[in-house]
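In what follows, a single structure is set out as structure tokens and then discussed.
In this chain, residues are counted from 1 in sequence order.
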Amino acid sequence: MTWLAAVLSDLYPWTKTLHVISVISWMAGIFYLPRLYVYHAERVSQGLPEAEEMFRTMERKLLRGIMNPAMIATWFFGLCLVFTPGIVDWSMAWPWTKAASVLGMTWFHHWLSSRRKEFALGQNQRPGRTYRLMNEVPTLLMVLIVASVIVKF
Ligand code: HEM
């Protein structure tokens with residue numbers, strides 16, 4: 001065992017603690033930001049321009065201040081867990097369903113980030129209903145991820 005593998009093994013419970021804390025912060029934003037977009041899209045279409053600036057500030061702070069750092073921390077501690085000896089058995093299905101789902105979650109994060117830039121420029125074309133529907137994407141991925149790591153099929 002290399003020194004790095006030994007360090008990762010010693011730190012395992014703490015790495016997992018930090019992974020789950022980062023996950024909670026990331027998911028809080030992933031579920032809240034599309035809700036903000038629903039209200040933002042609907043308020044603007046109702047002609048309330050004074051609300052526009054407040055929504056833009058809330059969206060920017062949530063994405064840059066919480067979601068981006070939380071996503072990076074989730075990936076960092078998640079990959080530390082992957083490289084911890086004896087944790088991931090790639091001959092099982094769960095690491096693959098988890099990997100596919102976290103890639104999907106990361107794609108969704110970037111999709112939200114692109115939509116934020118459109119809102120910031122006043123160029124959102126999508127109705128509130130689109131954001132309501134898209135809110136189901138992270139819910140489905142979360143179910144797959146949690147079942148993968150807990151059931152370990
Ligand atoms: C972003 C890339 C991610 C990687 C590389 C990753 C990887 C891992 C690994 C290897 C474990 C250790 C499993 C074990 O100790 O048996 C783990 C645990 C866990 N992950 Fe992730 N993960 C990622 C993202 C996520 C996300 C987005 C969620 C939730 C939506 C999540 C939720 C969890 C939970 C709840 C555990 C603890 C399960 C337990 O042992 O009780 N992970 N992760």
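Residues Ile24 make up the rest of the hydrophobic cluster containing Val20, defined by ILVMFWY side-chain heavy atoms closer than 4.5 Å, directly or through other members.
Atom NZ of Lys16 is separated from atom CG of Leu11 by 14.0 Å, given to the nearest 0.5 angstrom. The structure places CZ of Arg56 at 15.5 Å from NZ of Lys61, a figure rounded to the nearest 0.5 Å. Atom NE2 of His40 and atom CD of Glu59 lie 5.0 Å apart (nearest 0.5 Å). To the nearest 0.5 Å, atoms CE (Met54) and CG (Leu36) are separated by 8.5 Å. Distance check: Trp94 CH2 to Ile145 CD1 gives 12.0 Å after rounding to the nearest 0.5 Å.
Within the structure, side-chain hydrogen bond (donor to acceptor under 3.5 Å, both in side chains) contacts touching residues 142-153 (residues at least two apart or in different chains) are Thr97-Ser148. Listed by first and then second residue, the salt bridge (Lys or Arg N to Asp or Glu O under 4.0 Å) pairs that reach into residues 106-122 are Arg115-Glu118, Glu118-Arg126, sequence neighbours excluded.
Arg35 approaches Phe31 most closely through the heavy-atom pair CG-O, 3.5 Å. Across every non-hydrogen atom of Pro34 and Gly29, the tightest pair is CD-O, 4.2 Å. Scanning all heavy atoms of the two residues, the minimum distance from Ile30 to Asn135 falls at O-OD1, 4.4 Å.
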Could you pull out all donor-acceptor pairs under 3.5 Å where a side-chain atom in residues 62-70 meets a protein atom, sequence neighbours excluded?
unit_1	atom_1	unit_2	atom_2	d
Asn68	OD1	His109	NE2	2.7

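Linking Ile, Leu, Val, Met, Phe, Trp and Tyr whenever their side-chain heavy atoms come within less than 4.5 Å leaves Leu33 and Leu121 in two separate clusters. Residues Leu18 and Val82 do not share a hydrophobic cluster, clusters being chains of Ile/Leu/Val/Met/Phe/Trp/Tyr side chains in contact below 4.5 Å. Under the 4.5 Å side-chain heavy-atom criterion for Ile, Leu, Val, Met, Phe, Trp and Tyr, Leu4 and Phe76 are members of distinct hydrophobic clusters. Hydrophobic clustering keeps Trp111 apart from Leu133 (ILVMFWY residues linked when any side-chain heavy atoms are closer than 4.5 Å, directly or through intermediates). Hydrophobic clustering of Ile, Leu, Val, Met, Phe, Trp and Tyr side chains at less than 4.5 Å, counting indirect connections, unites Trp90 with Leu103.
With respect to Leu81, the side chain to side chain contact (heavy atoms under 4.5 Å, CB included) criterion is satisfied by exactly one of Thr15, Val149, Leu8: Thr15.
Trp75 has its side chain within reach of Thr106: a pair of non-hydrogen atoms, C-beta onward, lies under 4.5 Å apart. The shortest side-chain heavy-atom distance between Phe83 and Val88 does not fall under the 4.5 Å cut-off. Between Met27 and Pro138 the shortest side-chain heavy-atom distance does not fall below 4.5 Å.
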Could you walk me through whether Phe55 and Phe119 pass side chain to side chain contact (heavy atoms under 4.5 Å, CB included), step by step?
CA-CA 9 Å; Phe55 277 116; Phe119 273 115; over 6 Å; no
Apply the test side chain to side chain contact (heavy atoms under 4.5 Å, CB included) to residues Tyr12 and Ile87: give CA-CA distance (whole Å), side-chain angles for both, the deciding distance (0.1 Å), then the verdict.
CA-CA 9 Å; Tyr12 171 61; Ile87 300 305; 3.5 Å; yes
Does the pair Met142 and Val146 meet the rule for a side chain to side chain contact (heavy atoms under 4.5 Å, CB included), with working shown?
CA-CA 6 Å; Met142 177 191 65; Val146 175; 4.3 Å; yes
Check against side chain to side chain contact (heavy atoms under 4.5 Å, CB included), Met58 and Tyr32
CA-CA 11 Å; Met58 288 169 78; Tyr32 187 48; 3.9 Å; yes
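Residue-environment remark: CH2 (Trp107) exceeds the threshold of 12 foreign heavy atoms within 6.0 Å. The environment of Trp14 atom CH2 is sparse: at most 12 non-hydrogen atoms of other residues, nucleotides or ligands sit within 6.0 angstrom. With a 6.0 Å radius and a threshold of 12 heavy atoms from other residues, nucleotides or ligands, Phe108 has its CZ atom above the threshold.
With sequence neighbours excluded, no residue forms a side chain to side chain contact (heavy atoms under 4.5 Å, CB included) with Ile72. Applying the side chain to side chain contact (heavy atoms under 4.5 Å, CB included) criterion to Leu144, with sequence neighbours excluded, gives Ser101.
Classification of the Tyr131-Tyr37 ring pair by plane angle, with boundaries at 30° and 60°, yields perpendicular.
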